[in-house]
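The chains referred to below are lettered A, B, ... by the order of the sequence lines, with proteins before strands, and numbering in each begins at 1.
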Amino acid sequence: MFLSTVITMLAAARTVSLPGGAVSASAPALDWGGAMPFLLLTGTALGTLALDLVVGGRGRFWLTATGLGGLAITGLTLVRGFGAPEAVVGGMLVLDDFARFFHVVFLCIAALTILVAVEYVEQMGIPPGEFYAMILFAVLGMMVMASAADLIMVFLGLEALSIPLYILAGFLRRQVGSNESALKYLLLGAFASAFLLYGIALLYGAAGSTRLASVAAHLGDRGAWDNPLVYLGVGLLLVGLAFKVAAVPFHMWLPDVYEGAPTPITAFMIAGTKAAAFATLLRALGTALLPLPPEWTAPLWVLALLTMGLGNIAALTQQSIKRMLAYSSIGHAGYLLVAVVAGTSRGYSGILFYLVVYAFMNLGAFAVIIAVAAPGEERPALSSVAGLASRHPALAFCMAIFMFSLAGIPPTGGFVGKLYIFSAAMEANYVGLALIAVLCSVIAVFFYLRVVMVMYMEEPREGMPSPALSPGILFTLVLAMAVILQTGILPGTVWEVAVRAVERLLG
Amino acid sequence: MVPLWAYLFLSAFLFAVGVVGVATRRNALVIFMSIELMLNAVNLSFVAFARFLHSLDGQVFVFFVMTVAAAEVAVGLAIIIAIFRNAETVNVDEVHLLKG
Amino acid sequence: MIQYIWLVPAFPLVGVVINGLFGRSYLRERAHLVAVPAAGLSFLVALLIALEVVAGRTLDLHLYPWIVAGHFQVPIGFLVDPLATVMMLTVTFVGLLIHIYSIGYMHGDPGYPRFFVYMNLFMFSMLMLVLANNYLLMFLGWEGVGLCSYLLIGFWYEKKTATDAGNKAFLVNRVGDAGFLLGLFLLWTTCGTLQYAEVFARAAALPAPLTAPAVGGVSLVTWITLLLFIGAMGKSAQLPLYVWLPDAMEGPTPVSALIHAATMVTAGVYMVARSSPLYSLAPPTLELVATIGALTALFAATIACVQTDIKRVIAYSTISQLGYMFLGAGVGAYASGIFHLATHAFFKALLFLGAGAVIHALHGEQDLQRMGGLRRPLKLTAYTFLIGAAANAGVFPLAGFWSKDEILFAAFTTGHYGLWALGLAGAFLTAFYMTRLYCLTFEGPFRGDPAHARHLHDAPPSMALPLLVLALGSVVVGGLLGYPPEHGLVHQFLAPSLAAAPEAAGHASAGLLAGLSLGVAGAGIGAGTLLYLRWRDVPELLAARFQRAYRLLWHQYYVDEVYWDWIASPLMRLSAFLWRGFDVTIVDGAVDGVARLLELGSWRVRRLQTGVVFNYVLSILAGAVLLLGYLVLGR
């Protein structure tokens with residue numbers, strides 16, 4: 001959590017890490033410009049915590065404003081810096097366009113999560129200061145993951161993301177569901193981190209350094225891949241990351257954790273964690289591991305296949321809408337893995353594009369769920385949207401668009417994103433995998449459209465609460481709709497940014 | 001001098017013991033301790049590599065791992081206490097409200 | 001100003017959004033306060049831009065990288081050149097007038113805001129169609145106007161005939177669009193781009209590979225242009241795909257004026273003119289275009305002579321005039337075709353709006369046999385209608401004379417004597433049925449419901465203004481732009497956008513030919529006047545005497561019946577068979593089976609998710625062991 005200190009410390013440690021303990025005279029100057037987004041966000045998170053001590057539960061408005069303001073300022077510095085040359089912070093973090101792209105996505109996700117949660121936090125009696133601060137710390141972790149230039153930072157970012165999420169998942173202390181969600185997440189998450197860490201240790205042993213650049217230099221020699229330290233290390237690293245992206249069979253934690261967590265946090269995890277995990281995966285693959293030796297694509301191919309298939313099939317018969325979306329997020333991870341298998345820069349750009357659309361359509365869908373669910377109902381059934389079209393036509397329309405986008409039906413961003421990803425796979429000659437992906441999306445249409453059908457065809461039941469549209473939820477819905485339609489009808493803008501970000505990453 | 005492979009072997013052994021612990025024990029606290037064992041097994045590898053590579057990186061890494069582990073333990077104990085209050089058990093196989 | 005070209009379609013789009021969001025709940029009877037200014041601003045910007053184009057500026061603007069998928073790159077971009085400018089001005093100006101007219105005509109209709117949403121959406125789509133700088137964006141506009149047309153024909157959706165007509169328009173246009181789309185595919189695979197500039201540059205640089213015999217001994221460019229022309233046949237209601245247009249008259253009259261006379265149906269002509277560099281490389285296609293055009297011109301004119309629904313007569317007249325435009329384009333006189341398109345927009349919109357005023361005054365009566373003698377009560381409507389009819393008939397010096405005469409002249413000088421004769425015969429009939437139409441409506445005694453006769457009132461101001469403006473336009477536009485023939489302003493202006501007209505094959509005196517067509521028009525008018533003003537019982541005698549011919553025309557050559565019996569009905573029987581015999585048992589069975597299988601799989605998979613951490617750990621372990629095992633053993 002005190003990452004800025006950590007960075008400075010590490011930068012200092014670097015300079016003394018010479019063989020035989022020779023100590024060099026001066027530590028390299030910290031690149032303040034590159035560190036600025038991280039420092040700003042750390043400041044915001046700490047500021048929110050401190051403000052919470054001062055104003056307590058009554059300062060709801062100020063806490064929200066501080067959190068959102070900090071996110072906005074951080075976002076602005078990043079957007080202004082887009083296209084600028086990359087900045088390296090103490091050799092540990094790199095702020096290039098790839099990182100900036102993801103940072104902005106994370107910040108948007110956090111801001112929308114806070115906006116969606118404002119009303120929710122009040123209803124559930126959650127202390128807002130801690131809640132927001134945890135979200136901000138988690139975002140800091142995501143940003144570190146996307147920026148990591150060193151395996152230490154991959155690990156630290158992952159943990160800085162996960163630990164606040166363990167807390168957030170269990171924030172409803174009196175609900176067994178929330179407790180269970182947190183416990184499962186913690187146990188399995190820590191278990192998987194241990195694998196990741198072991199992988200890092202082995203790679204360190206093989207390459208002699210934890211810097212991604214040094215690892216890349218070591219792996220550039222094809223012979224190095226025959227060293228068991230290398231292939232076991234990379235394998236364990238992949239296990240850890242596969243856990244985070246919830247690739248089958250490392251996925252089992254996800255439905256339970258997402259269903260039990262407080263609904264805004266589920267939205268945050270679905271949108272944010274996946275993006276962060278893929279950011280790390282792409283950064284690790286792109287800067288250190290590419291091109292993967294041919295025998296590596298086979299396991300990835302299998303992972304993608306299993307993930308797509310299982311996620312979508314298991315979602316078919318779900319009754320809880322949260323759990324359905326959780327399974328569907330596994331399916332989406334599978335589509336993204338298809339592009340990872342393709343391994344081309346077009347595929348990578350497709351992943352970036354898709355993650356943007358994906359984040360917004362999920363946040364939008366969850367905003368609708370929060371608006372529709374009865375207060376205190378943490379695991380709303382599919383029937384909670386029954387007859388929404390007659391109860392609140394605008395809300396039902398938004399939800400229908402989000403579902404269309406998730407299903408990949410034009411003219412939404414979800415369709416264009418799938419098009420980019422699948423066509424990248426086709427171009428890379430993974431025609432079979434692309435076809436399977438298309439088939440899986442056809443299966444997926446079924447359960448997404450079921451939501452639409454329930455909204456439009458079924459009668460509302462007696463005593464259903466009328467949807468509560470707080471300003472935050474309204475804003476989220478409008479923004480999500482705007483992004484989904486923009487990326488669906490005029491995808492060029494986001495696509496070009498994604499292409500440029502990946503160009504920088506792959507050099 | 002003890003050779004590198006001996007350290008690595010011990011580390012792998014400890015890691016495996018941790019994994020088996022996670023996979024076989026029911027008590028959340030014991031599972032948690034097993035995970036700590038896994039992390040410390042990795043720490044051993046780091047230190048051994050650092051020693052043989054003459055680089056401080058591995059040593060520094062260990063400090064971070066220990067810090068992170070401590071943070072995880074703090075959060076983990078809080079969660080286990082919370083679940084004990086509600087469900088009156090710390091056995092993970094008795095907590096399966098969420099499934100399917 | 002020219003770089004702000006995107007404002008022209010943007011204004012109607014804003015109108016769509018505002019009226020779409022707030023029209024029904026908030027604006028209601030005030031919907032025109034948004035829609036009309038939207039059209040007006042669009043026209044204003046178009047006018048300012050047109051002035052710059054006249055001064056010699058053109059622009060190929062890449063606004064936005066729309067679709068970027070590997071080599072397939074299509075921007076959203078606008079091409080502002082003389083051709084686009086003529087179309088843009090026509091669309092925005094006539095569109096604006098018809099928007100104003102609709103305020104009065106649609107007043108009190110429950111769907112008032114909806115109507116303006118569709119109208120603005122139509123303006124937007126049509127402008128995208130004519131301003132696009134690539135074929136795909138044009139196709140988007142093409143489909144957009146088709147959608148609006150479909151929505152507006154079926155605007156009064158409680159009426160079964162209206163929705164049927166909408167469906168018919170939709171289905172027939174699908175046939176054309178399928179051809180158009182195939183043409184685009186072929187164009188893309190041949191040229192590797194859909195940008196006008198690049199396509200035409202390639203066509204100019206590599207005529208040999210394009211024109212060499214390819215599939216079936218026919219060159220690629222001929223295939224492309226043929227397929228594209230199939231789309232034009234559907235959209236511009238040419239033989240044999242014209243059948244939807246007469247039925248489209250079920251829509252509100254302003255719609256008939258704007259979409260089914262002045263603008264949308266001319267999209268096909270525009271497309272051919274826009275693609276003139278391609279068409280000029282494909283003489284066989286051009287011959288076909290000219291032949292279809294001339295045949296349609298005569299064919300539709302004969303039907304128009306006996307119809308008794310005021311709007312149907314004008315609709316057949318539209319089909320006939322569209323035929324003339326294609327005849328012009330087909331003989332290589334693209335500029336004359338576009339010129340006729342522009343003048344036609346004026347006088348045909350005028351005729352429809354006049355007919356609308358008559359229908360409005362008679363409370364929905366459309367049957368010519370129940371009209372008559374309306375000149376006195378509806379003075380303004382009658383005189384403006386007369387101008388429109390005369391312009392359509394090709395009376396000197398009104399608009400229609402100049403443009404139609406040029407087309408016939410071009411057909412003659414390029415050696416298409418047969419087509420020229422067809423056109424000339426059509427011109428005679430045009431003059432005849434226009435006279436008949438005017439006489440039956442406005443002259444003679446009133447034959448309708450006497451109760452209506454006392455309450456007849458002329459058009460309200462919002463409807464009168466467009467009539468006057470269009471009448472003025474129908475008088476002056478032709479001579480202003482078209483004199484001297486073949487070298488008028490419109491020719492000089494359009495020349496840079498179009499492929500050069502072919503060298504004249506024969507020689508002919510322009511004066512002589514013009515005199516001839518004038519004489520023919522005069523004869524038609526004379527015949528019409530005699531039959532419908534002087535000897536009013538003669539038409540019925542004629543109809544009785546030549547009963548078979550009359551009935552053939554009255555039933556519009558039984559084309560609808562033939563289509564129904566030979567195409568629609570067998571298809572429906574086939575699909576019913578497929579549905580019952582194939583779909584229900586085999587396909588549905590398979591789909592249901594797969595669905596049930598998947599559902600079963602879903603439950604199976606869900607049972608794996610036990611909720612117990614222990615199992616989850618095992619799953620992770622199994623995955624890790626498999627992965628690492630593969631890595632250790634697999635190498």
Checklist entry - To the nearest 0.5 Å, what is the distance between CG (A:L238) and CG (C:L628)? => result 9.5 Å
Checklist entry - Given a strict heavy-atom distance threshold of 4.5 Å, which part of C:L627 is in contact with chain A: side chain, backbone, both, or neither? => result side chain
Checklist entry - What heavy-atom pair brings A:M252 and C:N615 nearest, and what distance separates the two atoms? => result SD-O, 4.4 Å
Next on the checklist: Can you give me the closest heavy-atom contact between C:S619 and A:P249, atom names plus distance?
Outcome noted: OG-O, 2.5 Å
Checklist entry - Taking all atoms of both residues into account, what is the closest heavy-atom pair of A:F191 and C:I620, and its distance? => result CE2-CG2, 4.0 Å
Checklist entry - Distance from A:L254 atom CG to C:Q609 atom CD, nearest 0.5 Å? => result 9.0 Å
Next on the checklist: Is C:Y64 close to chain A through its backbone or its side chain, or both, or neither, when contacts mean heavy atoms under 4.5 Å?
Outcome noted: side chain
Next on the checklist: Does atom CZ (C:R604) have a neighbourhood of more than 12 heavy atoms from anything else shown, all under 6.0 Å?
Outcome noted: no
Checklist entry - Relative to chain A, which of C:V617, C:I76, C:V594 shows the most heavy atom pairs under 4.5 Å? => result C:V617
Item to check | Closest heavy-atom pair and its distance - C:Y630, A:A298 | outcome: OH-CB, 3.7 Å
Checklist entry - Checking C:L626 against chain A: side chain, backbone, both or neither under 4.5 Å from a heavy atom? => result neither
Checklist entry - C:A622, C:A595, C:G611: which one forms the most heavy-atom pairs within less than 4.5 Å of chain A? => result C:G611
Checklist entry - Which atoms of A:F243 come close to chain C, meaning under 4.5 Å heavy atom to heavy atom: side chain ones, backbone ones, both, or neither? => result side chain
Next on the checklist: Between A:Q318 and chain C, with a heavy-atom cut-off of 4.5 Å, which part of the residue counts as in contact: side chain, backbone, both or neither?
Outcome noted: both
Next on the checklist: Can you tell me how far apart CG (C:L621) and CZ (A:F195) are? Round to the nearest 0.5 Å.
Outcome noted: 5.0 Å
Checklist entry - Where do C:Y616 and A:D256 land on the side-chain contact (heavy atoms from CB on, under 4.5 Å) test, with the steps shown first? => result CA-CA 11 Å; C:Y616 298 3; A:D256 294 5; 2.4 Å; yes
Checklist entry - Which of these passes side-chain contact (heavy atoms from CB on, under 4.5 Å) with C:S602: A:I313, A:N312, A:I443, A:L310? => result A:I313
